[in-house]
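Structure, as structure tokens:
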Amino acid sequence: MEKPEGYSQQQLALDQMFKDINPALSARKAGIESSRCYYCYDAPCITACPSKINIPSFIASIHTDDLTGAAKTIYQENIMGGSCARVCPTEILCEQACVRNKEQEQSPVKIGLLQRHATDNAVFEGHPFERAAPTGKTIAVVGAGPAGLSCAHRLAMLGNEVEIFEAAAKAGGLNEYGIAKYKLTDNFAQKEVDFILGIGGITLHTDTALGQDVSLSELKQRFDAVFLAIGLQDVQSLMLLNESHPQVLNAVDYIKELRQAKDLEDLAVPLDSAVVIGAGNTAIDMACQLKRLGTEEVTLVYRRGEAQMSATEHEQQIAKNHQVRIKTWAKPEQINLDQDGVLRSMTFRKTYSEDGQLKDTEQTFDVACSAIFKAVGQKFAYPNAEQLIPTVSNGKIATFGKQITSIDGVFAGGDCTSEGQDLTVEAVQQGKLAAIAIHQQLNSVEA
């Protein structure tokens with residue numbers, strides 16, 4: 001593809017480094033793959049899908065070359081079906097439930113790639129859904145990540161007016177700022193935001209933070225209901241000396257910087273060696289992106305074994321394919337600086353499991369590194385300036401059925417709640433369910 005005038009070699013190099021890790025299916029391959037589906041009546045793949053997409057139905061539409069119909073089936077349940085097709089761990093959800101797995105030497109239908117084929121190639125005249133008659137109700141959505149966007153879209157589709165308040169400069173949440181650059185390429189997150197807003201009835205305010213630019217009390221006064229989708233704003237600490245050193249970084253912050261970078265020269269890349277601490281998808285994403293950026297030796301370290309890693313086997317294999325060295329049964333113990341204050345290595349203590357409990361051994365080892373990236377988990381942090389605070393349980397906003405919080409008229413969903421797993425598809429589903437609950441409550445609609 002021809003690049004616009006002024007497109008630098010550095011920009012080109014960045015694009016080349018982060019080509020799509022899962023290339024799309026060709027029309028021919030999609031046709032063949034769709035023919036493998038048994039179109040089960042009581043399909044276990046639907047049960048396994050957090051957003052309850054009618055998977056056999058959309059695959060049947062692909063098989064008859066009705067890609068627009070297939071995409072509409074997907075969007076009816078998951079308006080972010082395009083990004084979910086790229087980032088959803090289908091290998092442990094719908095594809096794991098596929099009945100093809102029960103057959104000898106058979107692999108599941110490639111549901112994720114088929115979903116992407118449909119959503120990428122559908123052709124709609126305008127938006128695929130029309131808005132219902134105006135209800136006269138207005139709802140504030142705080143946070144323009146997957147949960148907030150999904151909620152806003154469904155509310156607008158049902159005839160309500162929505163205003164989204166987003167703290168960042170762009171909408172999209174983790175899809176824009178936190179997903180590996182090789183998973184969502186070609187500015188896909190923003191294209192999906194534009195698609196969602198295309199239904200109308202949604203006003204987006206960026207650079208508008210809760211507790212700073214707006215307050216929950218103010219939003220409750222101005223709107224008929226409020227949906228909180230503020231995500232996870234803080235990161236876990238290692239609680240080690242020298243953790244504040246400039247060469248010790250939060251993986252989520254670096255991924256955000258990488259996703260927004262226009263040029264390789266915008267990034268500080270450790271060229272010789274780096275350590276990534278963690279066991280989830282963020283740790284895998286960080287390690288693989290470092291290898292693509294040219295870091296010679298990347299070591300991912302986790303305190304338990306590979307079987308206990310929250311990253312799926314598929315994600316772990318991606319790391320191995322990138323020649324990331326994975327060291328397990330080792331926990332961080334010390335960050336080592338030289339006499340000039342330069343990071344040189346990290347000390348780890350070997351661990352083992354006994355009766356399900358993690359135990360330390362007397363053995364330690366060092367890993368040389370010029371940068372350390374922490375990917376040990378994010379945590380919820382409610383804005384300090386906010387005086388109206390919903391009940392928090394287990395470190396997240398508590399919900400009491402239908403995404404309702406302890407504050408009347410305030411709902412919540414996505415990563416800021418303890419419901420489900422911290423997955424994009426889960427956030428989308430919670431946003432959709434919250435929208436339906438809000439609409440029913442405000443408009444006295446029967447459930």
Side-chain angles (χ1 to χ4, degrees), residues 22 24 37 43-62 66-98 109-122 124 127-130 141 143-158 162 171-176 179 183-184 188-189 191-199 202 227 229 403 413-415 419-437 439:
N22 290 313
C37 182
C45 56
I46 299 177
T47 303
C49 173
S51 57
K52 307 307 175 191
I53 295 170
N54 190 331
I55 295 167
S57 177
F58 91 70
I59 293 178
S61 293
I62 292 174
D66 179 13
L67 300 184
T68 301
K72 189 163 185 179
T73 297
I74 294 163
Y75 291 141
Q76 281 173 343
E77 299 298 338
N78 184 341
I79 198 60
M80 302 187 78
S83 59
C84 285
R86 290 162 165 81
V87 305
C88 189
T90 53
E91 66 275 5
I92 62 169
L93 296 172
C94 54
E95 290 178 13
Q96 187 178 67
C98 179
V109 175
K110 296 175 182 176
I111 298 169
L113 285 172
L114 286 172
Q115 181 168 312
R116 174 176 173 175
H117 181 72
T119 55
D120 281 2
N121 295 287
F124 295 104
H127 197 275
F129 302 106
E130 292 185 6
V141 171
L149 289 169
S150 173
C151 182
H153 181 273
R154 185 59 59 126
L155 283 168
M157 191 170 80
L158 292 170
V162 185
L174 284 179
N175 281 2
E176 175 60 38
I179 298 293
K183 291 180 180 176
L184 286 176
F188 186 86
K191 292 176 182 177
E192 189 169 57
V193 169
D194 292 341
F195 165 70
I196 290 169
L197 298 182
I199 194 170
I202 304 173
F227 178 65
Q403 312 302 136
D415 293 352
E419 292 190 33
Q421 304 176 63
D422 291 344
L423 298 174
T424 299
V425 66
E426 291 267 16
V428 171
Q429 178 70 354
Q430 289 172 31
K432 179 182 73 178
L433 294 178
I436 294 170
H439 178 76

Using distance alone, with no hydrogens and no angle criterion, decide if [X] and [Y] have a side-chain donor and acceptor under 3.5 Å apart.
| X | Y | result |
| --- | --- | --- |
| Thr73 | Asn54 | no |
| Glu77 | Ser51 | no |
| Thr90 | Glu95 | yes |

Under 6.0 Å between ring centres, would you say that holds for Tyr75 and Phe195?
-> yes

Step by step, work out the side-chain contact (heavy atoms from CB on, under 4.5 Å) result for Leu184 and Ser83.
-> CA-CA 7 Å; Leu184 286 176; Ser83 59; 4.2 Å; yes

Separation of [Y] [atom2] from [X] [atom1] (nearest 0.5 Å):
| X | Y | atom1 | atom2 | answer |
| --- | --- | --- | --- | --- |
| Cys151 | Gln403 | SG | CD | 9.0 Å |
| Lys52 | Lys432 | NZ | NZ | 9.5 Å |
| Ile59 | Ile111 | CD1 | CD1 | 5.0 Å |
| Arg86 | Asn175 | CZ | CG | 10.5 Å |
| Lys110 | Cys37 | NZ | SG | 14.5 Å |
| Ile199 | Ile196 | CD1 | CD1 | 10.0 Å |

Are [X] and [Y] close enough that some pair of their side-chain heavy atoms sits under 4.5 Å apart?
| X | Y | answer |
| --- | --- | --- |
| Phe58 | Asp66 | no |
| Glu419 | Glu426 | no |
| Asn78 | Pro50 | no |
| Leu155 | Ile202 | no |

Donor-acceptor contact present, side-chain [X] to main-chain [Y], <3.5 Å:
| X | Y | result |
| --- | --- | --- |
| Ser150 | Gly431 | no |
| Glu176 | Ala189 | no |
| Gln115 | Ile74 | no |
| Arg154 | His439 | no |

Residue list, ring pair (Phe, Tyr, Trp, His ring centres under 6.0 Å) with His117, at least two apart or on another chain | none

Option from Val162, Ile79, Leu158 for which side-chain contact (heavy atoms from CB on, under 4.5 Å) with His153 holds | Ile79

Before giving the answer on side-chain contact (heavy atoms from CB on, under 4.5 Å), spell out for Leu149 and Met80 the whole-Å C-alpha distance, their side-chain angles and the decisive distance to 0.1 Å.
-> CA-CA 9 Å; Leu149 289 169; Met80 302 187 78; 4.1 Å; yes

For [X] against [Y], the heavy-atom pair lying closest together:
| X | Y | result |
| --- | --- | --- |
| Ala48 | Ala97 | CB-CB, 3.7 Å |
| Cys98 | Val109 | SG-N, 3.5 Å |
| Leu114 | Ile62 | O-CD1, 3.4 Å |
| Ala70 | Ala118 | CB-CB, 3.8 Å |
| Gly172 | Pro146 | O-CD, 3.8 Å |

Give the C-alpha distance, both sets of side-chain angles, the deciding distance and a yes or no for side-chain contact (heavy atoms from CB on, under 4.5 Å) between Cys88 and Leu423.
-> CA-CA 7 Å; Cys88 189; Leu423 298 174; 5.9 Å; no

side-chain contact (heavy atoms from CB on, under 4.5 Å) between Thr119 and Lys72, intermediate numbers included | CA-CA 8 Å; Thr119 55; Lys72 189 163 185 179; over 6 Å; no

